[in-house]
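Shown next, in C-alpha cells, is the structure this report addresses.
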Amino acid sequence: DECLVTVAACLKQCLRRSADIMFRYGGEEFCAILPETDSKGAFALAEELRESVAACKVSYGGVVINLTISCGTSTYLQQKDIQPEHLFAAADQALYQAKNSGRNQVKQQDLLKI
C-alpha cells in the first residue's frame with residue numbers, strides 16, 4: 001500500500017494540465033487520460049512518469065525500496081468505429097509488451113493493430 005501511495009504521488013506531480021487525469025485502474029495499474037495529446041506526447045509523458053517513479057524511494061520498515069513502472073500507451077485520434085474498450089485493449093497490449101521486454105520501459109500500441 002505504501003508503494004502504491006508513493007507511485008500515485010509521483011505520477012500526479014507529472015500532470016501539468018487540468019484536463020489530464022490519472023486514476024488507479026485496478027490492482028497496481030494506473031490509467032492516464034490525456035485529452036488533445038498525440039502519440040508522441042503520450043509516449044513522452046509516459047517516459048517522464050517512468051523516470052519520476054524510478055527516482056522515488058520508499059522506505060518501509062527501515063528498508064529502502066526502489067520502484068519502477070512499465071507503461072503502455074495508445075492514442076485515440078477520432079478514428080471511426082473505435083470504442084473505449086479498443087483504446088484500453090491497445091494500451092494493455094503495449095503494457096504487456098513492456099513487461100515482457102524486461103519491464104521499466106514504455107511501449108506504444110497503435111489502435112489499428114488490434
Side-chain angles (χ1 to χ4, degrees):
D1 288 344
E2 188 71 31
C3 290
L4 284 173
V5 169
T6 300
V7 168
C10 286
L11 298 176
K12 185 177 178 181
Q13 288 178 340
C14 292
L15 299 181
R16 294 175 190 81
R17 302 178 310 172
S18 61
D20 295 345
I21 59 171
M22 182 155 312
F23 55 93
R24 189 170 171 196
Y25 188 63
E28 58 188 31
E29 293 184 348
F30 290 83
C31 179
I33 306 294
L34 311 169
E36 305 295 324
T37 303
D38 64 9
S39 58
K40 256 185 166 171
F43 190 92
L45 179 63
E47 185 62 30
E48 183 180 342
L49 295 171
R50 188 192 64 74
E51 290 172 359
S52 175
V53 169
C56 290
K57 304 291 184 227
V58 175
S59 181
Y60 185 77
V63 176
V64 175
I65 302 168
N66 295 314
L67 303 174
T68 63
I69 61 171
S70 300
C71 300
T73 68
S74 188
T75 308
Y76 171 66
L77 300 171
Q78 306 294 322
Q79 297 101 317
K80 187 178 178 181
D81 298 325
I82 296 294
Q83 300 298 317
E85 54 269 17
H86 297 127
L87 184 61
F88 282 101
D92 201 44
Q93 191 173 35
L95 172 62
Y96 282 100
Q97 288 173 10
K99 288 180 176 183
N100 291 333
S101 297
R103 300 180 179 263
N104 192 30
Q105 57 188 289
V106 178
K107 295 288 185 180
Q108 193 158 356
Q109 178 65 50
D110 188 358
L111 280 172
L112 300 177
K113 294 183 180 177
I114 298 254

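The first residue in the sequence is number 1, and the count goes up from there.
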Please set out all donor-acceptor pairs under 3.5 angstrom arising from side-chain atoms of residues 58-70, sequence neighbours excluded.
from  : atom 1 : to     : atom 2 : distance (Å)
Asn66 : OD1    : Lys57  : NZ     : 3.2
Ser70 : OG     : Asn104 : N      : 3.1

Other residues, nucleotides, ligands: >12 heavy atoms within 6.0 Å of Glu36 CD: no

Within 6.0 angstrom of Lys12 NZ, more than 12 heavy atoms from elsewhere: no

Full working for side chain to side chain contact (heavy atoms under 4.5 Å, CB included) between Ser101 and Lys107: CA-CA 9 Å; Ser101 297; Lys107 295 288 185 180; 3.9 Å; yes

Sidechain-backbone polar pair: Arg50 side chain, Val53 backbone, donor-acceptor under 3.5 Å: no

Pairwise distance [atom1]([X]) to [atom2]([Y]) - rounded to 0.5 angstrom:
{"X": "Leu87", "Y": "Thr75", "atom1": "CG", "atom2": "OG1", "answer": "7.5 Å"}
{"X": "Leu77", "Y": "Leu111", "atom1": "CG", "atom2": "CG", "answer": "8.0 Å"}
{"X": "Lys99", "Y": "Gln105", "atom1": "NZ", "atom2": "CD", "answer": "12.0 Å"}
{"X": "Thr73", "Y": "Glu47", "atom1": "OG1", "atom2": "CD", "answer": "10.5 Å"}
{"X": "Gln93", "Y": "Asp110", "atom1": "CD", "atom2": "CG", "answer": "10.5 Å"}
{"X": "Tyr76", "Y": "Ile82", "atom1": "OH", "atom2": "CD1", "answer": "7.5 Å"}

Phe88: ring-ring contact (aromatic ring centres under 6.0 Å, His included) partners, not counting sequence neighbours: Tyr25

Set of salt bridge (charged side-chain N to carboxylate O under 4.0 Å, His left out) partners for [X], sequence neighbours left out:
{"X": "Glu29", "answer": "none"}
{"X": "Glu48", "answer": "Arg16"}
{"X": "Arg17", "answer": "Asp20"}

Geometric cation-pi criterion Lys40 and Phe43, 6.0 Å radius, 45° cone: no

Residue pair Ser74, Gln108: steps toward the side chain to side chain contact (heavy atoms under 4.5 Å, CB included) verdict: CA-CA 6 Å; Ser74 188; Gln108 193 158 356; over 6 Å; no

Same apolar cluster: Phe30 and Val106, side chain cutoff 4.5 Å: no

Ser52: partners by side chain to side chain contact (heavy atoms under 4.5 Å, CB included), with sequence neighbours left out: Cys10, Cys14

